[in-house]
Amino acid sequence: MRYSGFKIIAQALTGHRGWKPVWREPEPKRSYDIVVIGGGGHGLATAYYLAKEFGEANVAVVEKGWIGSGNVGRNTTIVRSNYLLPGNEPFYEFSMKLWEGLEQDFNYNAMVSQRGVLNLCHTDAQRDAFTRRGNAMRLHGVDAVLLDREGVRRIAPFLNFDNARFPIKGGLLQPRGGTVRHDAVAWGYARGADTHGVDIIQNCEVTGFRIENGKCLGVETTRGFIGAKKVGCAVAGASSQVMAKAGMRLPIESHVLQAFVSEGLKPLLPGVITYGAGHFYVSQSDKGGLVFGGDIDGYNSYAQRGNLPVIEDVCEGGMSLMPMIGRARLLRSWGGIMDMSMDGSPIIDRTDIEGLYFNGGWCYGGFKATPASGWCFAHLLATDMPHPNAAAYRFDRFRKGLMIDEKGMGAQPNLH
Amino acid sequence: MIINHPLLGPRDAQEFVYLGDATLIDRPDWQASEALDRFYEYLYLRDNPAGMHRELWFHEQGDRSWLVVTRNTVTHEITSVELARDVARARGRSK
């Protein structure tokens, strides 16, 4: 069923009795050409593009819980492509372009809102770094605007411009950045994949891989063995756990990242604003809540909740940047588990096991990457060749010293 | 989280800096023939378990000692805390 304004009017006049379930709930078949593990944003996007762009008709997504129950429903919904390094920038810009056409492409309202992402700088050195990053972005054809103090004031007059210790010197604005309704991304991709014949199998946990003579023949699940010519794993947050079942150790640690939302307020923030003197970023949801976050907690964790010191740190950043935030009450805070890789960049690659492919290591930037991650992983699964925009995201970059270390932190996941 | 420091008693985890898996104590022999592979694994690959995890914490805002903390990564419960010095010595290091 295609959605349209006309359809909504017609349904409204007939008491909304004609809507149908958005995707089927099929029983798993005995085998598929391609099985994607993980019914989150990346897994569903992979299945969608496999079916739609690469003509793969016999595809299944297996999901341990219900689709969209992981990080695609727990993030702070920001999309942007303001990266510096050549290995990253074309990939994230590819993702940005897919976001821009996504709703028309999968005929679902994902509330893509390009309201701008503004990174603030507070020192001359930081402005130099932003100038460099902005130039790198423009060399890749991405929009970037360097603002001075007055330029920032015009966009966000409510910020604390009187801070003597961390004065706002200016900012780097990406006008095409913004926010997207995160759950709708999962649902839209699921509906699109299902329409193209993908079996989405929920409540089906992968308990192991069947590997013979170095070749992956399929996955063992709580609903029986499912054969597959190729298996793609897109379970960021639990990557180490799932790939350990195939005998692999990954360059990844799992860390908890917290996020916060305030009570609903009248429209206040024009877009996404990030603080450059502490780790704090904030946007306003369509319901009016201020959605904000900061650093990861910094220690290995699989608990989907964090500790108070980081909450305190994030709120201090908020108070320092926009003191009026102190008048808003905190409604909720929650945590999600991140695949923190050793250089802060993701991995989309085949493994040493034939027929087993891996997508993960998204650190805390996985949501914005969802469309490109799905497309590039689908490209790899369908053609056995890395997509040009994701060609740097290889496993062997660590062994070869080809790290994509956007922050220059070295091999310590909790610093990225 | 409260870390029960062997010398100083219960301390807030905020006073500490986290490094990672305690296997980082076992630095490979740089002269071994397979040193390149060993260092790759040592530096980049992690078990990353869900459950009990032995890990290194540095008491930066305290006595600046390194600790080996055994902590459950699913519940954040800490079951034992040792001085990293003692752990390394028990393995025959720095006699």
Side-chain angles (χ1 to χ4, degrees), chain A residues 235-245 247-256 295-313 316 335 337-343 345 347 360-361 395-403 405 410-416, chain B residues 1-5 10-28 34-62 66-81 84:
Chain A
V235 296
S239 291
S240 298
Q241 298 302 299
V242 174
M243 296 310 278
K245 298 181 203 298
M248 286 181 67
R249 290 174 83 215
L250 303 180
I252 286 172
E253 286 180 3
S254 294
H255 286 254
V256 61
D295 275 323
I296 55 174
D297 271 36
Y299 44 81
N300 286 40
S301 175
Y302 285 91
Q304 285 181 321
R305 58 185 170 77
N307 274 299
L308 280 171
V310 167
I311 298 179
E312 192 178 6
D313 184 64
E316 280 172 355
I337 304 306
M338 312 289 117
D339 267 12
M340 296 304 296
S341 70
M342 289 290 162
D343 61 358
S345 295
I347 296 161
F395 270 116
D396 64 1
R397 68 175 187 262
F398 300 101
R399 192 186 283 273
K400 290 181 173 172
L402 301 172
M403 261 69 75
D405 194 345
Q412 202 179 330
N414 64 345
L415 296 184
H416 288 291
Chain B
M1 288 190 296
I2 302 290
I3 294 175
N4 201 2
H5 194 297
R11 309 299 309 179
D12 194 312
Q14 223 181 336
E15 297 173 5
F16 295 79
V17 173
Y18 179 83
L19 182 65
D21 197 310
T23 55
L24 290 170
I25 291 176
D26 301 319
R27 195 179 176 83
E34 71 280 23
L36 210 58
D37 284 338
R38 290 271 187 81
F39 267 99
Y40 163 67
E41 289 170 13
Y42 170 81
L43 201 53
Y44 296 116
L45 301 187
R46 298 286 183 269
D47 285 338
N48 193 19
M52 283 305 173
H53 189 224
R54 278 164 64 80
E55 55 201 19
L56 287 165
W57 291 74
F58 177 56
H59 199 190
E60 187 173 46
Q61 307 294 324
W66 281 96
L67 304 182
V68 174
V69 175
T70 306
R71 189 178 58 95
N72 188 322
T73 58
V74 178
T75 62
H76 296 166
E77 185 195 8
I78 293 170
T79 44
S80 86
V81 183

Quick check on the interface: out of Ala13(B), Ala50(B), Gly20(B), who has the most heavy-atom pairs with chain A under 4.5 Å?
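The candidate making the most pairs under 4.5 Å is Ala50(B).
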Pick from Asp12(B), Leu43(B), Asp47(B), Thr75(B) with the largest number of heavy-atom pairs that fall under 4.5 Å of chain A
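The answer is Asp47(B).
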Distance, nearest 0.5 Å, that separates NE2 of His53(B) from CD of Glu253(A):
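Reported to 0.5 Å precision, the distance equals 6.5 Å.
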Please report the interatomic distance OG(Ser301(A)) to CZ(Arg71(B)), rounded to the nearest 0.5 Å.
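Answer for the OG-CZ pair, Ser301(A) versus Arg71(B), is 6.5 Å.
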For Leu24(B), is the CG atom crowded, meaning more than 12 foreign heavy atoms sit under 6.0 Å from it?
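Result for CG/Leu24(B): enclosed.
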Is the CZ atom of Arg249(A) crowded by more than 12 outside heavy atoms at less than 6.0 Å?
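More than 12 heavy atoms, drawn from other residues, nucleotides or ligands, come within 6.0 Å of this atom.
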Does any donor atom in the side chain of Asn300(A) or Tyr18(B) lie under 3.5 Å from an acceptor atom in the other side chain?
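The answer is yes; a qualifying pair exists.
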Does the pair Asn72(B) and Tyr302(A) meet the rule for a side-chain hydrogen bond (donor to acceptor under 3.5 Å, both in side chains), with working shown?
CA-CA 9 Å; Asn72(B) 188 322; Tyr302(A) 285 91; over 6 Å; no
[X] portion near chain B, given a 4.5 angstrom heavy-atom threshold:
| X | answer |
| --- | --- |
| Leu250(A) | backbone |
| Gln412(A) | side chain |
| Glu312(A) | side chain |
| Met403(A) | side chain |

Interface moiety of Leu19(B) toward chain A, non-hydrogen atoms closer than 4.5 Å:
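For Leu19(B), heavy atoms of backbone and side chain both lie under 4.5 Å from chain A.
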Angle between ring planes, Tyr44(B) versus Phe398(A), binned at 30° and 60°: parallel, tilted or perpendicular?
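If you compare the ring of Tyr44(B) with that of Phe398(A), the planes turn out tilted.
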So, for Met1(B) and Asn307(A), which heavy atoms are closest and what is the spacing to 0.1 Å?
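For Met1(B) versus Asn307(A), the nearest heavy atoms are CG-ND2, 3.5 Å.
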With a 6.0 Å cut-off on ring centres, are Tyr299(A) and His76(B) close enough?
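Between Tyr299(A) and His76(B), the centre distance is under 6.0 Å.
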Would you say Asn48(B)'s side chain and Ser240(A)'s backbone share a donor-acceptor pair under 3.5 angstrom?
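Not confirmed, Asn48(B) side chain does not pair with Ser240(A) backbone.
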Which residues share a side chain to side chain donor-acceptor pair (under 3.5 Å) with Asp37(B), sequence neighbours left out
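Checked Asp37(B) against side chain to side chain donor-acceptor pair (under 3.5 Å); matches are Arg399(A).
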